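One structure is given here, and the rest of the page talks about it.
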Amino acid sequence: MRIGWAWPLALSAIAGTLLGYWAPTGLFEGVILLALWARRHLRALALLLVVAVTAGQVLLMQRAELPEGLSRQTLIVEGRLTEVRDQGALARLRLRVTACEPLEGLRLPCRHLRQLRLSHFDPPEMAAGESWRLAVRLRPPGGLANPSGFDYRAWLWREGIGGTGYVRAEPPAQRLEPAGFSLRRLALAHLDERELPDTARRWLAALTLGAGEALTRDDWERLNATGTTHLVVISGLHVGLVAGFTLLLGRGVARLVTPRAWRLSVWPWWLAALAASAYAVLAGLAPPALRALVMALMGLWVASGRHAPGPWQGWWLALAIVVLLDPPSLWRPGLWLSFLAVALLILVWQGRPRPRGLAGWLWALIRSQWLLAPWMAAAVLLAFARLATAAPLVNLLAVPLVSLVLVPLGLLGWLLAWVPPLSRLCWWLFAHLVSTFEALLEASLRWFPPWYPETWQLLPLALGLGLLALAWALPGMAIGWRALVTGWLLSLPLWLTPPSPASGEATLRVWDVGQGQLVEIATANHRLLYDAGPRYGSGYVPLAGLWPPGRRFDRVIISHDDLDHAGGVPALAEHEVGDWLAPRGEAVGVPFTPCHDGQAWRWDGVDFRLLWPPPGPQPGRSSNDRSCVLLVTAGDRQVLITGDVGREVERHFLLEVSAPLDVLVAGHHGSRGSSGPSFVARLRPRQVIHSAGRDNPFGHPSEEVVRRFARHGSCQWNTALDGALTLRLGAEVRITPRRRIPWAGVGGRCHGVESPPWIGLGR
């Protein structure tokens, strides 16, 4: 293959991956027609083949998802466990499926499933590598769709997971085969048997074997907050160290054996490539390790100088190979973080002389790190919406400590495992230095906590940081121009103004929190929360990942104390809350002022008024029927949020709302116990939002309620289908969904949003 093909090959692999993801009509017919047209042009034919291969891989991934019709049905699956995470009474499993069939006949086939993520409550002893037969109940891959927060659905897709669910107790799980031989599992077991501090054991497993699961959540939070995660993931740093050490050793031996011709010896390079490959396989050959291996092998080829490509050709060729081998990596932030870092280093050092002496190499390290800092900060901002302010300084110390001391000491301990005293010495030193490393991270977090910009700040700040890095990295630019660009970019935060509502207008967002409710209302200078979202049985609280710490809420209204409305209250402890309102007699976990009808206030020209409950105790009423009911008026536009009140309560405030109502957040997630016929007929809401979880077991929103709104011409939305919904209330009402599921709607933007009838009883 001619190296001039490198960049067309990479672009073809990327194009094929994107085409497979979008899957336009007539994709393969078009590829075949182009192939017939280019049959006499070998280069074009080869590139079309790359497009077809990558597109085919992505299409097969999408086919390997659980059909909607098998949601919550009992399936019998067989497969091999690739990951087992013990969490006490709960185990998290990843299963590579070899066989699948529904427990009951006359169901859709599930033979296309390839990988599952499962929860197993009160599990038997299980280990990665074992084969099991399990009875499971699954859901298609899904997650919350919000403007901020972790995109779980996208992560499942990137990992190739076709369904999530839990293992049923009946029929009981059955072990089919024990785990086969695995050098990696033997190495982890060897670590468990050593007398090492728990901290040293965790970091040894992560830094030398790629066992990131050994690190605790606190470890990962420290790494993320300080911008040092790249030091732990098996990357070009680790694989490159193994390859470099082996190459130096091999060339040293070659110099002794053939002193006159040692520079011409080829076998040290092959030995280094073999060692790097073996280490990547030992580390599990996960996507980061695969990417690191490809880049290390390409680096060896470039450094060999024997008919090797130039640095940029090698960069393009490495990118092409990675995407060909693992098309979903195109959506993994790690791929772009790695390749962008290497691209900047090529740009910085291409055409410059090699450093000389210790001082030269030290200055080169500092210069590279300072140039990489804004470049990587821009990439991290776009990928993770945070800025690790400690990263530039802490990496100056952490990179040499980890790369030149910790990783070599850890690997040397493995090499000397057959000489226990020497191995113990290496790991004893490793344990003490790891404590220093953790202390460094802790201190940097105290001095330079991470910054979480607002969503509207992310793109301009990322562009500014990227331009700052390029201004100092590009060769030949005059120092005056560099200083001018730097000054302009440093002043960027001063003229970035937040997009806030004008006086008399409001922005309302119904967050996607699954089966629960969380509504945020912002005026020009104030912010209110209605409800705090759910807390799930696993302890997960969706509210926790929606805003950076320290957000101010002038008022929080908890409609009532059900977990799907008040479950996120403890997570608000990291934010600043002015005051709390909740119904009298409810237990929401914080001191509050009782809400009652007649309470009203005005913020920035927007009126807020509570319509329910009445003052005083409400004996005999359920918690649902004591819900705080809020009416928001911005100009001539009104939004009504009724909590979980039922039909009987709805009649009490029916005449206090103007008709037709602009926006209604449907009561009780669209349950048939709310949104009664007289209520809907009187208010005739133009827009109705159902805050419900996708595939929820209650059948919310009820088919009966959805049809009732449809008969009165309401345009209906469902967070389960549309994700978070953002409303702008002013001269008109504009609704922006976070996502649209193509197969969910009928009739354009107003669609049927009821849950499928097999999900529940619509109560």
Side-chain angles (χ1 to χ4, degrees), residues 57 60-67 69-141 155-193 205 209-214 281-287 289-290 326 328 538:
Q57 290 183 71
L60 287 175
M61 281 181 57
Q62 295 184 353
R63 189 185 179 198
E65 292 189 352
L66 182 78
L70 290 179
S71 180
R72 296 187 180 272
Q73 304 301 311
T74 301
L75 309 176
I76 304 299
V77 297
E78 296 179 6
R80 188 172 298 278
L81 295 173
T82 58
E83 183 180 322
V84 178
R85 295 197 181 192
D86 186 9
Q87 299 181 355
L90 170 69
R92 299 287 189 186
L93 313 176
R94 189 179 291 197
L95 183 78
R96 191 167 296 280
V97 180
T98 56
C100 175
E101 61 180 16
L103 182 62
E104 301 175 4
L106 302 177
R107 297 283 183 186
L108 291 169
C110 58
R111 59 180 177 272
H112 298 301
L113 285 176
R114 290 294 174 262
Q115 196 170 186
L116 303 175
R117 192 167 193 253
L118 304 168
S119 299
H120 198 338
F121 298 90
D122 194 19
E125 186 174 344
M126 309 177 89
E130 295 176 339
S131 291
W132 284 78
R133 177 183 288 118
L134 305 171
V136 300
R137 281 197 172 174
L138 304 175
R139 298 171 63 184
W155 180 83
L156 291 173
W157 188 85
R158 291 195 300 266
E159 296 296 310
I161 295 172
T164 60
Y166 65 94
V167 179
R168 300 199 66 193
E170 295 293 336
Q174 180 183 354
R175 183 185 283 108
L176 301 178
E177 293 179 8
F181 174 78
S182 169
L183 187 59
R184 187 169 186 260
R185 284 198 297 273
L186 286 178
L188 290 171
H190 178 79
L191 267 185
D192 290 336
E193 294 168 1
L209 299 175
E213 66 273 13
V281 171
L282 176 64
L285 208 60
L290 174 64
D326 183 27
S538 62

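None of these values were measured; they are calculated from a predicted model.
With hydrogens and angles ignored, the 3.5 Å screen pairs a side-chain donor or acceptor of Thr98 with a backbone N or O of Glu78. Arg117 places no side-chain N or O within 3.5 Å of a backbone atom of Pro141 that could act as its donor or acceptor partner. Looking only at distances, a side-chain donor or acceptor of Thr82 sits under 3.5 Å from a matching main-chain atom of Arg94. Side chain of Gln115 to backbone of Glu159: a donor-acceptor contact under 3.5 angstrom is found.
When every heavy atom of Leu113 is checked against every heavy atom of Gly162, the shortest pair comes out as CD2-O, 3.9 Å. Between Pro102 and Leu75, the shortest heavy-atom distance links the atoms CA-CD2, 3.7 Å. Annotation for Pro172 and Glu170: closest pair CD-OE1, 3.5 Å, computed over non-hydrogen atoms. For Gly160 against Met61, the heavy-atom pair with the smallest separation is CA-CE, 4.1 Å. Leu70 and Cys110 get closest at one heavy-atom pair: CD1-CB, 3.6 Å. What you find for Ser119 and Leu90 is that their closest heavy atoms are CB-CD1, 3.6 Å.
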Dump the intermediate steps for side chain to side chain contact (heavy atoms under 4.5 Å, CB included) on Arg114 and Val97, then the final yes or no. CA-CA 5 Å; Arg114 290 294 174 262; Val97 180; 5.7 Å; no
Give the intermediate values and the outcome of side chain to side chain contact (heavy atoms under 4.5 Å, CB included) for residues Leu176 and Trp132. CA-CA 5 Å; Leu176 301 178; Trp132 284 78; 5.7 Å; no
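Leu118 is listed as a side-chain neighbour of Leu116, based on a closest heavy-atom distance under 4.5 Å. In this structure, Leu138 and Tyr166 have side chains that are not in contact, with every pair of non-hydrogen atoms separated by 4.5 Å or more.
For the pairing with Pro140, the side chain to side chain contact (heavy atoms under 4.5 Å, CB included) check across Leu156, Thr164, Leu66 returns one residue only, Leu66.
Atoms CG and CZ, from Leu93 and Arg85 in turn, are 11.5 Å apart once rounded to the nearest 0.5 Å. Distance check: Met126 CE to Asp86 CG gives 11.5 Å after rounding to the nearest 0.5 Å.
Electrostatic pairing of Arg175 and Glu177 does not count as a salt bridge here, judged by no charged N lying under 4.0 Å from a carboxylate O. Classification of Glu101 and Arg111 as a salt-bridged pair fails, no side-chain N sitting under 4.0 Å from a carboxylate O. One finds no salt bridge joining Glu130 and Arg80 here, because no Lys/Arg side-chain nitrogen approaches an Asp/Glu carboxylate oxygen to under 4.0 Å.
When only modelled atom types and interatomic distance are considered, Arg137 and Thr74 share a side-chain donor-acceptor pair under 3.5 Å.
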